[in-house]
Each structure stands twice: as structure tokens, then as C-alpha cells.
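Read through the structure below, which is laid out as C-alpha cells, and then see the notes.
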Amino acid sequence: MQTEKRKERIDRGIKIRSDGIYALSSWREITYLIAPRFLLIGGLLAAPLLLHFFPYWQKVLLIICIYALLSMAFDFLANYVGLVCLGGSFFVGVGGYGAALLNKYLLLSPLISIPLAALFGAAFCTLLLLPCLPLRGVYFAIITLMYPLMMTRIIEAFELFGGTNGMMDIQGFGNPWIEQYFLVVATLVFLFALRRLSVEDLGLVIRGIKDNDQSVRASGINITFIKAQAIFYASFLGCFAGAYLAHVYMWAGLSMFALDFSIIPIAATVVGGGGSLLGAVLGAILLVPLSEVLRAFGPLRIVVYSLILTVVIVIKGEGLLNYLSRKYHQFERWVEI
Amino acid sequence: MAMLTVNRLTKKFGGITALDGIDFSIEKGEVMGVIGPNGSGKTTLINCITGFIKATAGDIIFNGRNIRGMKPHKIVNLGICRTFQIMRPYSSLPAYKNLIIPLYGPRARKTGGWRGGGRHGDRNIIALDLLEEVGFERESKVPYKLAGTLPTGYLKRLELARCLALNPDLLICDEVFSGLSMSEIASMVPLIEKLNKSGVTIIMIEHRLKELFRVARRVMAISYGEKIVEGSPEEVMANEKVKEAYLGA
């Protein structure tokens with residue numbers, strides 16, 4: 001007689017042991033804990049060196065980091081605050097034009113103009129999004145989708161900042177090492193800072209708003225103020241990416257408000273797995289090079305790209321990171337019922 | 001002077017009058033019960049007092065200040081806390097982390113700092129203390145479980161703990177006994193009594209009359225948004241209008 005079997009997932013012993021203070025008891029456990037982190041940090045830091053003889057791929061690395069920042073911003077807003085924000089391109093555009101203005105008129109060097117543009121840009125974005133904060137779900141998404149379109153039309157109509165030509169002659173980085181390491185290190189810092197924020201008390205309040213905003217209000221907390229802070233952090237990342245892009249391209253123009261900056265981060269978050277920020281970064285690391293490799297397909301590139309995305313989402317809808325971390329932390333076995 | 005005075009409070013949803021000129025007042029240290037059939041406007045009354053919906057007309061005076069039209073979080077920070085009838089936990093957070101959120105708010109920072117060490121106290125420890133106070137077993141795993149996986153009895157207690165974290169002057173409980181088993185109710189009643197003894201004024205909306213009358217000295221009955229009677233539990237139960245509202249004419 002055949003007995004029925006069912007699959008069972010169990011945490012690895014090493015995961016349970018290394019959850020608490022006992023993690024420090026052996027090298028094996030310490031390695032188990034830091035290996036995934038080291039892989040990411042070490043990998044990203046080594047990448048510019050490894051790609052030294054492939055200048056084209058060095059640029060791709062920059063784009064990866066740009067999209068990683070945008071994906072983090074999207075993931076943070078969507079899965080921690082509960083605001084689905086389609087305004088990635090809005091952040092990029094504001095940051096890009098901000099850096100261009102700071103560089104051109106105040107003659108600030110890139111290393112100063114980028115953080116400043118991120119700061120002022122984030123304040124500007126937060127201010128403009130402030131009236132929409134009571135909205136939720138698809139309503140907020142639509143409004144944020146409208147902002148970049150609106151900015152494009154305003155710049156076109158009033159011929160602001162060079163109109164359709166954009167602002168030329170923005171100062172570049174000069175040194176390629178500074179150019180790359182500045183962004184790679186910044187991406188890592190932002191990633192771990194945001195992850196830390198999400199377990200701090202303020203982060204818990206932010207996540208509480210996603211779970212149950214009425215309850216947060218009943219706790220005496222002004223949710224509009226908390227949401228505004230969250231938007232500020234997210235738009236800071238987005239504007240940082242935009243400002244950086246302006247200095248890499250040595251140009252700021254209307255294409256910074258392009259829809260790509262809003263949509264690809266969403267795809268990256270879905271493929272990588274939302275809700276951990278790390279998944280968003282992983283998604284960007286996979287998708288951006290993929291889209292470069294697919295250039296071989298010429299005009300069919302987007303078709304193949306979409307097909308791959310669809311297949312991944314259908315087969316591994318939970319996101320790659322969730323899948324990988326499950327494999328890392330748990331093992332499966334068949335047990336008889 | 002009364003702690004909370006409600007004058008001619010009216011709320012209209014379009015053409016429906018949910019509250020029709022409700023008057024009542026409550027003294028400091030009192031426990032007052034509010035009863036009424038389903039749909040009589042009890043929860044709307046709470047929502048108006050706590051600012052979650054805006055009253056159409058009337059005054060709500062709390063400690064000499066008119067709080068009608070104030071934002072909910074401001075009202076909480078004045079000292080009026082409420083529980084929700086349908087529990088609203090943060091399901092993706094562990095139970096004790098649920099309490100970090102009220103403890104993070106301005107009210108708890110102002111009033112609760114003495115509970116632990118440090119500037120505002122260690123919030124995790126305060127949270128575990130509070131959970132123990134409402135009946136979570138400290139040594140067990142329950143306080144560390146995700147709030148989304150807890151059964152109703154614990155969620156009701158969690159709601160209560162969230163209010164306690166805010167050190168309320170006036171606590172408004174919206175049906176804390178509903179959905180609980182008899183033994184769970186039996187353990188909740190002393191909790192309410194203890195709170196009242198420590199000086200918290202309490203308004204309780206309740207369908208479980210027997211347990212309500214153990215703690216409430218004064219009861220108000222409302223029906224179709226109007227106050228029909230107010231008085232001691234015996235007076236209210238003897239009232240003809242109350243019988244009519246519950247059982248029909």
C-alpha cells in the first residue's frame with residue numbers, strides 16, 4: 001500500500017543556533033551569518049576593479065546602482081509605508097535638474113552638488129506630494145504618475161532650464177574611480193541605513209501605518225507627519241540617483257522624467273522580492289545587465305525582456321530573494337502522513 | 001466640574017441622523033456604561049468624541065476645552081484613548097512590538113518615561129511589562145508571536161494594552177468583552193476594575209450587561225441616536241423604553 005507523503009520545511013540547525021548570542025560560538029556560525037552580507041558588500045565593492053578592462057560594463061554598473069536606489073525607494077514606500085509610488089522618474093528628474101542648477105550657477109563640484117541636490121530635491125518632492133498623503137493605494141499611484149508628466153510639460157511650455165534641449169555642460173567626475181566608488185558606497189550605505197531604520201522605533205511606526213493607519217492615529221501619532229518623513233527618505237534616494245545621473249551624463253534634460261525610472265524599479269522589486277529592500281537591489285542587479293545583454297536581439301529586445309519577466313513572475317512570484325533565503329535557511333524533506 | 005461633558009451632540013450622515021442631540025457628562029474616576037441595540041449609534045458616539053468622524057453639531061468639552069473637530073491624534077494626546085471594536089493590531093509585527101508604536105507617540109513620551117531606565121525608558125521592556133499587566137504570560141512565547149497569529153482574546157487585551165501605553169485619563173472601551181469566552185471575560189473584568197481604581201475614568205460600550213453592571217455604577221441607554229434613559233443599572237433595566245428598544249413594542 002502506498003503511503004501519502006507531504007513536503008515539510010524545517011529551519012536548519014545552524015539558523016536556529018545563530019539566531020541568538022550563540023552565533024558567536026563558532027567560526028562556522030559566524031560565517032553562516034556574514035557570508036550573504038559579505039557576498040553583496042564585497043561583490044559590489046570589487047565590481048569596479050573586476051570590470052576595469054570593460055569600460056562599457058563599468059557604466060552598466062552605475063546604471064545598476066541607480067536602479068537599485070530607485071527600487072529601494074519604491075520597495076520602502078510600497079512595502080513599509082503602504083504607498084505605491086509610481087513617481088520614480090519624478091524624483092530622478094527633480095534631483096537631476098537640481099544638481100545641474102547647483103553645478104551650473106553655484107559652480108559646486110559633483111561631490112557637493114549631488115548630496116545637496118538630493119537634500120533640496122527631497123524637500124521639494126515631499127512638499128509637492130504633501131497634499132496627496134491622505135490618499136492610498138491606486139489613487140496615490142496615479143497622482144505620483146502624473147507629477148513627472150506635469151513637470152515635463154511645464155518645462156517645455158515655459159522653456160525653463162534650456163527647454164527641450166536640457167542643460168548642457170554639467171561638470172563630470174573626471175576620475176572614473178571616484179565616479180564609481182562614490183555611487184557604489186552610497187548605495188550600500190543607503191541600503192543598510194534603510195534596513196536599520198525599518199527595525200528602529202520610527203521604522204516600526206512607519207510599518208504600523210501600512211498595517212493599520214487608524215490604530216496609529218489612535219496612538220496619538222500624526223500619520224501625515226510620519227508619512228511625509230518616509231516620503232522624504234524615499235525621495236532622497238531617488239533624487240540622489242537623479243543628481244548622480246546628471247553628472248554622469250553631464251547633462252540634465254526632459255528624458256530624466258521618462259517612465260523607465262518609474263517602471264523598471266517596480267519590475268526589479270517584483271523580481272527580486274519586495275519587503276526586504278535587499279530583494280529590490282538584487283532585482284536591479286539582475287534586470288539591468290539582462291536588458292543590456294538583450295541588446296543583441298535588436299528591435300525585439302523589449303519583447304524578450306518582457307517574456308523573461310513574465311516567466312519569472314509566474315514561476316517565482318514570491319521573488320528571488322525570498323526563494324533564495326528559504327533555501328539558505330531551511331531544508332525540505334518528505335514525511336509520511 | 002465634570003471631566004467630559006457632551007452637549008447636544010448630533011451627527012448626520014446625509015439624511016440619516018445617527019446621533020440626535022446626545023447630552024451626558026462624566027466625572028473623574030467614574031465608570032459609565034453605554035448600552036443600546038445594534039445600530040443605535042454607540043460606536044458613532046465614540047468616533048465623534050475621539051475625532052475619528054466629525055460631529056455635525058454640539059459640543060464636546062474635555063477638561064474645560066472644546067475638542068469637537070480636533071484631529072484624533074491631538075485628542076489622544078489630551079488623554080482620551082479608545083479601543084476599537086474590530087481589533088486593529090499591526091499584524092506583521094510581533095505582539096510586543098505593537099506597543100512600541102503608542103510608546104513612540106508624544107503622549108507616552110510625556111507621561112510614561114518613568115517606567116523604564118534611560119530618557120524614555122527602554123520601550124521593549126515597557127512593552128513587555130504592559131503585556132504582562134493585561135495578561136500575556138511573560139515567560140511564554142506569546143508576546144513574541146506575530147500579532148496576526150494571535151487569537152481574539154489576546155487581540156482584545158492587546159487593544160487594551162495599547163491604550164494603557166498611553167496613560168489615559170479617560171479610556172473608552174468599545175465592546176472589549178464581545179467575542180470572548182466566559183473565562184476570558186472573567187479575567188478581563190478585574191483588569192478594568194483595577195484600572196478604574198488607579199484613577200482612570202472609563203466609558204464602556206457593552207452588550208454583555210451582566211459583566212458591565214459589575215463595573216459600571218451609571219449606565220446610559222441610547223436608541224436610534226437618542227438618549228432614552230440614564231441612571232443606575234437597576235433603573236435602566238426597569239425602564240419601559242429600554243425594554244421596548246431591545247425587545248420591540
Side-chain angles (χ1 to χ4, degrees), chain A residues 11 15-16 19-21 75-84 130-131 133-134 136 194-230 233 273-279 318-319 322 325, chain B residues 46-47 50-53 71-84 86-94 96-112 120-124 126-127 146-148 155 158-159 161-168 171-172 174:
Chain A
D11 278 3
K15 174 179 192 301
I16 297 164
D19 265 352
I21 188 75
D75 191 16
F76 179 68
L77 284 182
N79 291 315
Y80 289 81
V81 197
L83 295 168
V84 178
L130 213 50
L133 288 185
R136 264 181 288 179
L194 264 192
R195 273 176 71 93
R196 169 55 76 88
L197 174 73
S198 71
V199 293
E200 291 283 320
D201 291 353
L202 174 62
L204 291 177
V205 177
I206 291 176
R207 285 156 70 188
I209 289 179
K210 192 204 168 200
D211 270 2
N212 219 316
D213 54 349
Q214 296 300 314
S215 205
V216 179
R217 290 169 87 193
S219 299
I221 293 171
N222 184 349
I223 55 171
T224 311
F225 178 63
I226 301 284
K227 276 187 187 172
Q229 281 184 53
Y233 298 135
S276 61
L277 299 170
L278 206 57
E318 56 182 341
N322 296 335
S325 72
Chain B
I46 290 195
N47 281 339
T50 52
F52 278 82
I53 56 177
K71 291 261 166 60
H73 65 266
K74 294 223 167 108
I75 293 179
V76 172
N77 290 328
L78 290 176
I80 304 183
C81 305
R82 67 169 296 183
T83 68
F84 288 98
I86 302 156
M87 296 80 73
R88 295 174 177 275
Y90 310 110
S91 13
S92 66
L93 300 179
Y96 79 108
K97 289 283 184 193
N98 270 249
L99 296 182
I100 301 292
I101 293 161
L103 288 172
Y104 183 83
R107 167 102 190 153
R109 284 189 201 212
K110 218 169 20 189
T111 59
H120 302 302
D122 183 338
R123 293 203 182 96
N124 289 328
I126 302 175
L146 286 188
L155 290 181
L158 193 60
E159 276 284 316
R162 180 175 56 72
C163 290
L164 295 192
L166 297 163
N167 272 349
L171 175 64
I172 307 183
D174 195 351

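Note on naming: letters A, B, ... go to the chains in the order of the sequence lines (proteins, then strands), and numbering restarts at 1 for each one.
For the residue pair A:Ile221 and B:Tyr104, the shortest heavy atom distance occurs at CD1-CD2, 4.4 Å. Pairing each heavy atom of A:Ala218 with each of B:Leu166, the nearest pair is O-CD1, 3.6 Å. In this structure, A:Gly220 and B:Pro106 approach most closely via the heavy-atom pair O-CD, 3.4 Å. Shown here for B:Phe84 and A:Ser215, the closest heavy-atom pair between the two residues is CE1-CA, 4.1 Å.
Counting heavy-atom pairs under 4.5 Å between each of B:Arg82, B:Lys71, B:Arg162 and chain A puts B:Arg162 at the top. Ranked by heavy-atom pairs under 4.5 Å with chain A, the first of B:Glu159, B:Arg88, B:Met87 is B:Arg88. Between chain B and the options A:Ile223, A:Val205, A:Asn222, A:Ile209, heavy-atom pairs under 4.5 Å are most frequent for A:Asn222.
Summarising the local packing, CD1 of B:Ile86 is surrounded by 12 or fewer heavy atoms from other residues, nucleotides or ligands at distances under 6.0 Å.
Contacts of A:Arg207 with chain B are made by side-chain atoms alone, with heavy-atom separations under 4.5 Å and no backbone atom involved. Both the backbone and the side chain of B:Ser92 come within contact range of chain A, each with at least one heavy atom under 4.5 Å from a heavy atom of that chain.
Within residues 195-204 of chain A, the residues having any heavy atom under 4.5 Å from a heavy atom of chain B are, by residue number, A:Asp201, A:Leu202, A:Leu204.
Proximity of B:Phe52 to A:Gln214: side-chain heavy atoms (C-beta onward) are separated by under 4.5 Å at one or more points.
Taking OG from A:Ser219 and CD1 from B:Ile100, the interatomic distance works out to 11.5 Å, rounded to the nearest 0.5 Å.
Applying the salt bridge (charged side-chain N to carboxylate O under 4.0 Å, His left out) rule to A:Asp213 yields the partners A:Arg136; only residues at least two apart in sequence or on another chain are considered.
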